[in-house]
Amino acid sequence: MTAQRIIQVALPVPLRRVFDYLLPNEQHKTAIGARVEVPFGHRTLIGIVLKHASQSDTPTDRLKPITTVLDPTPAVNDELLQLLLWAADYYQCPIGEALQAALPVLLRQGAAMTPQLSTAEQCWQLTTEGLGLPDNALAKAPKQAQLLHQLRERPGTTWQALKEAGFARDALLRLQEKGLAHTCAAPPITNSESPLNLNAEQQAALDAISFERYQTYLLDGATGSGKTEVYLQAIARLREGAEQAQTLVLVPEIGLTPQTIKRFARRFGASVAVLHSGLNDRERLNSWLRAASGEASIIIGTRSALFTPLKNPGLIIIDEEHDTSFKQQDGFRYSARDLACVRAKNLNIPLILGSATPALESLHNVNTGRFQALPLRHRANRQAAPLINVIDSSDHHQGLAAESLLAIEQHLAQGNQVLVFLNRRGFAPALKCRDCGAVVNCPNCDARLTLHHNPRHLHCHHCDFQRPILRTCESCHGHHLEPIGQGTERSEQALNQRFTSVPVWRIDRDSTRQKGALEDLFTRINSGEPCILVGTQMLAKGHHFPKVSLAIILDVDGGLLSADFRGPERLGQLITQVAGRSGRGDRRGEVILQTQNRHHPLLQRLIQQGYSAFAATLLEERQMSQMPPFLPIALVRADAPEADSPHQFLNQLRQSLAPLAEQNAVQMLGPMPALMEKKGQRYRHLLQVRGPSRHALQAFLRALAEHLDSIKTPRHLRWSIDVDPQDMS
Ligand code: ADP
Ligand code: ZN
């Protein structure tokens, strides 16, 4: 009898270990990285084979055999498996959970690794018979006749496009039944756009990139300096060297608009595959498969697209690398930017990080020689950087200072567009009683309820709690509740009342909830008519609105006074990004910052000397306070419905680990309440862990995670480890 063979399987369970199973003899070899179905308690789970072993800690007669081998070839190739193993260790995440996060949903559920077009993606054309049909043949069925005409004009149209053009599915199926139309392969898209002539700075940046080996480049270019053109030409150059070479492009969640995709598609045609949360599971899997097979040569996606398998990887690009959406905030808390460095290094290919406002981490990496800077100092349209004015906002009408109103009027009169930025959606951030001063709070969070007018209700932006608008104060029963402060809805209303001759477009999560709404707004804006745009974050990033000549930022004070150590960095990035939306056309841009802290030294430094000088100051401060990027930190978070238990839990943890911390020269600070202590009916505390080096911190965190796994946690308490946290909340 042959020896039983044992395989180690990673399963999507929150346990920091792998599980041993038996491989029945008739199943010859199971590839490492293949998916298998296994019994787990009373359930069946899908896991990934990590290793073959000859023995197990569990007696062989207690091991269960796997149920099915799902993949003849690995779903997770060796390169990705190594990356994920590294990441699971670095971020203290169970490997099963990391693998889970990296796989498309359908593969997690056991779907086969074969492409299958969704109905919407199917392309249609006429059969020979359909092509030969005389024009009047379908006179009795006008809808089918129109469809026939359409398909004759545009063979290979997708069902999605036909539907959008107003055709009914029924008519299409009738044509198919009659043998007049059938599905077909997608027609090749011909590349229609040719590259621009690079300016000297762009050319120097492109020429500095070496495609043969690993190096991270920081394309540090002002907004509108033509970074995207450099990406496009870097991709083209890569493909001159090796036609099959693939590029992975990561963009922030908000940045992956149809505009961005079109820009790449216009240059590179059908070889572009897209991966983002707006796709359905089938479309995602199809893109993933096209990347894995090498059929797609440019893959554009958001954070998790980093884990896309590539047949011939040649280049990774991360646009707006400072963006916080590259860090996953729950479960597998990885940074796609940092892992991209690891992946590029493993693959020995270049990585380009681009931003007008690089993260302090990246600037530090340039300073220490790890990254190579590729500066673009000038705007591609030769326009000078926008002129920034700081004005006092204590005296205002509905949030807008008199000077701002005047400036809006002037810019509109000259036929331009104006952008008003405000990072708060809703009508007003608080509802307050004029009699007793009480504000209406969320019952679940340490937060105020935001007043919304459209539709009318009170809403907690932290836990989603909603209630009707109160008529009387809950404390004193007075009848004088009034909205305090400005939200986008309120600014929209005020601007509408004041500027009646131009449209005011509000752009925030509420106004763009419907699919295609944002696209429609962009189309209108880019038609160029004078208008006012009021919006949040969504307006700040990446968009190109050539007619916007004035950007007004209401309330920059929140960021200046933020308790989070990254607050000032984020504010500087935001101001610079919003400012960068203005003056992208033929007129020099103007920016107005409304603040009650005009003389704040950081704000002054940013405005007078720009983001680089501002960032340099922040880096000095971080060095003095020994914060990242100078010392690595991690947070251990704990939360529970009981107010005391997270604090006690973390305190005990701190005491138990004190000797080990000392050994590794690791510092523990806290426990302390999170910036918002109560959120969603749970109390949240955190312990900050700071290492003298990554290596020491990692060793300590490994032991810490093991310790946490081994102790009994109080009921209802949850804990998590966040390495390189992006915020202290
Ligand atoms: P960024 O990505 O740095 O914000 P973009 O790549 O969007 O900048 O470029 C801003 C504008 O300048 C775009 O309209 C782009 O077409 C134009 N542009 C970029 N490079 C050049 C160039 N070399 N010559 C002319 N126009 C350019
Ligand atoms: Zn709440």
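Annotation for Phe326 and Pro252: closest pair CZ-N, 3.6 Å, computed over non-hydrogen atoms. Contact detail for Gln92 and Ile721: the closest heavy-atom pair is CB-CD1, 4.0 Å. Closest approach of Val502 to Pro530, counting heavy atoms only: CB-O, 3.9 Å. Closest non-hydrogen pair, Pro646 versus Leu717, comes out as CA-CD1, 3.8 Å. Heavy-atom minimum distance, Ala359 versus Glu321: N-OE2, 2.8 Å. Summarising the geometry of Ala401 relative to Asp392, their closest heavy-atom pair is CB-O, 4.2 Å, with the distance given to 0.1 Å.
Arg637 and Asp639 are not joined by a salt bridge, as no carboxylate oxygen comes within less than 4.0 angstrom of a charged side-chain nitrogen. Note on Lys327 versus Glu361: no salt bridge recorded, every NZ/NE/NH1/NH2 to OD/OE distance being 4.0 Å or above.
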Next on the checklist: Working note: Gln100 + Phe332, criterion side-chain contact (heavy atoms from CB on, under 4.5 Å); need CA distance, chi angles, decisive distance, verdict.
Outcome noted: CA-CA 9 Å; Gln100 165 96 345; Phe332 179 23; over 6 Å; no
Checklist entry - What do the steps show when you test Cys463 against Cys442 for side-chain contact (heavy atoms from CB on, under 4.5 Å), and what is the final call? => result CA-CA 9 Å; Cys463 74; Cys442 173; 3.7 Å; yes
Next on the checklist: side-chain contact (heavy atoms from CB on, under 4.5 Å) for Thr450 and Arg424? Distances and angles first, verdict last.
Outcome noted: CA-CA 9 Å; Thr450 299; Arg424 259 187 256 117; over 6 Å; no
Next on the checklist: Apply side-chain contact (heavy atoms from CB on, under 4.5 Å) to residues Phe649 and Ile711 and explain how you reach the verdict.
Outcome noted: CA-CA 11 Å; Phe649 176 77; Ile711 58 172; 3.9 Å; yes
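Taking the side chain as every heavy atom from C-beta outward, Ser491 and Phe421 never approach each other to under 4.5 Å. A heavy-atom distance below 4.5 Å is found between the side chains of Glu482 and Ile484. Between Pro94 and Val13, every side-chain heavy-atom pair lies at or beyond the 4.5 Å cut-off. Looking only at side-chain heavy atoms (C-beta outward), Glu677 and Tyr683 come within less than 4.5 Å of each other. Residues Asp727 and Gln329 meet the side-chain proximity criterion, which asks for heavy atoms closer than 4.5 Å. The shortest distance between side-chain heavy atoms of Ile592 and Glu403 does not fall below 4.5 Å. Side-chain contact between Leu451 and Leu458 is present, with heavy atoms from C-beta onward closer than 4.5 Å. Residues Val105 and Arg284 form no side-chain contact, since every pair of their non-hydrogen atoms from C-beta on lies 4.5 Å or further apart.
Counted by atom type alone, Glu164 and Gln160 present one or more donor-acceptor pairs between their side chains at under 3.5 Å. For the residue pair Arg566/Gln573, the side-chain donor-acceptor check at 3.5 Å is not satisfied. Between Thr617 and Arg605, the side chains place a donor N or O and an acceptor N or O closer than 3.5 Å (distance only, hydrogens not considered).
Atom CZ of Arg598 has more than 12 heavy atoms from other residues, nucleotides or ligands within 6.0 Å. Crowding of Gln688 atom CD: a count of heavy atoms from other residues, nucleotides or ligands under 6.0 Å exceeding 12. Counting heavy atoms of neighbouring residues, nucleotides and ligands inside a 6.0 Å radius, atom NZ of Lys432 does not exceed 12 of them. Arg690 CZ: more than 12 foreign heavy atoms inside a 6.0 Å radius.
Expressed to the nearest 0.5 Å, how far CG of Leu339 lies from CZ of Arg303 amounts to 11.5 Å. Distance check: Arg506 CZ to Glu492 CD gives 4.5 Å after rounding to the nearest 0.5 Å. Rounding to the nearest 0.5 angstrom, the gap separating the CD1 atom in Ile532 from the CG atom in Asn416 is 12.5 Å. Note: Thr576 OG1 to Leu606 CG = 4.5 Å, rounded to the nearest 0.5 Å. To the nearest 0.5 Å, the span separating NE2 on His685 from NE2 on His647 amounts to 7.0 Å. For the atom pair OG1 of Thr488 and CG of Leu422, the computed distance is 6.0 Å after rounding to the nearest 0.5 Å.
At distances below 3.5 Å, not a single donor-acceptor pair connects side-chain atoms of Arg684 with backbone N or O atoms of Ala638. Listed for the Glu569 side chain is no donor-acceptor partner under 3.5 Å among the backbone atoms of Leu618. For the pair Arg333 (side chain) and Val723 (backbone), a donor-acceptor distance under 3.5 Å is absent. Between the Arg581 side chain and the Phe545 main chain, no donor and acceptor come within less than 3.5 Å of each other. Side chain of Asp281 to backbone of Leu106: no donor-acceptor contact under 3.5 angstrom is found. No donor-acceptor pair closer than 3.5 Å links the side chain of Ser475 to the backbone N or O of Ala438. Side chain of Arg448 to main chain of Val439: no donor-acceptor pair is present (N/O by atom type, distance under 3.5 Å, no hydrogens or angles). Not one N or O on the side chain of Asp319 forms a donor-acceptor pair closer than 3.5 Å with the backbone of Val251. Side-chain N or O atoms of Tyr611 include one that pairs as donor or acceptor with a backbone N or O of Pro358 at under 3.5 Å. In this structure, the side chain of Gln537 does not engage the main chain of Asn423 through any donor-acceptor pair within 3.5 Å.
Using cut-offs of 30° and 60° on the angle between ring planes, the pair His461 and His459 is perpendicular.
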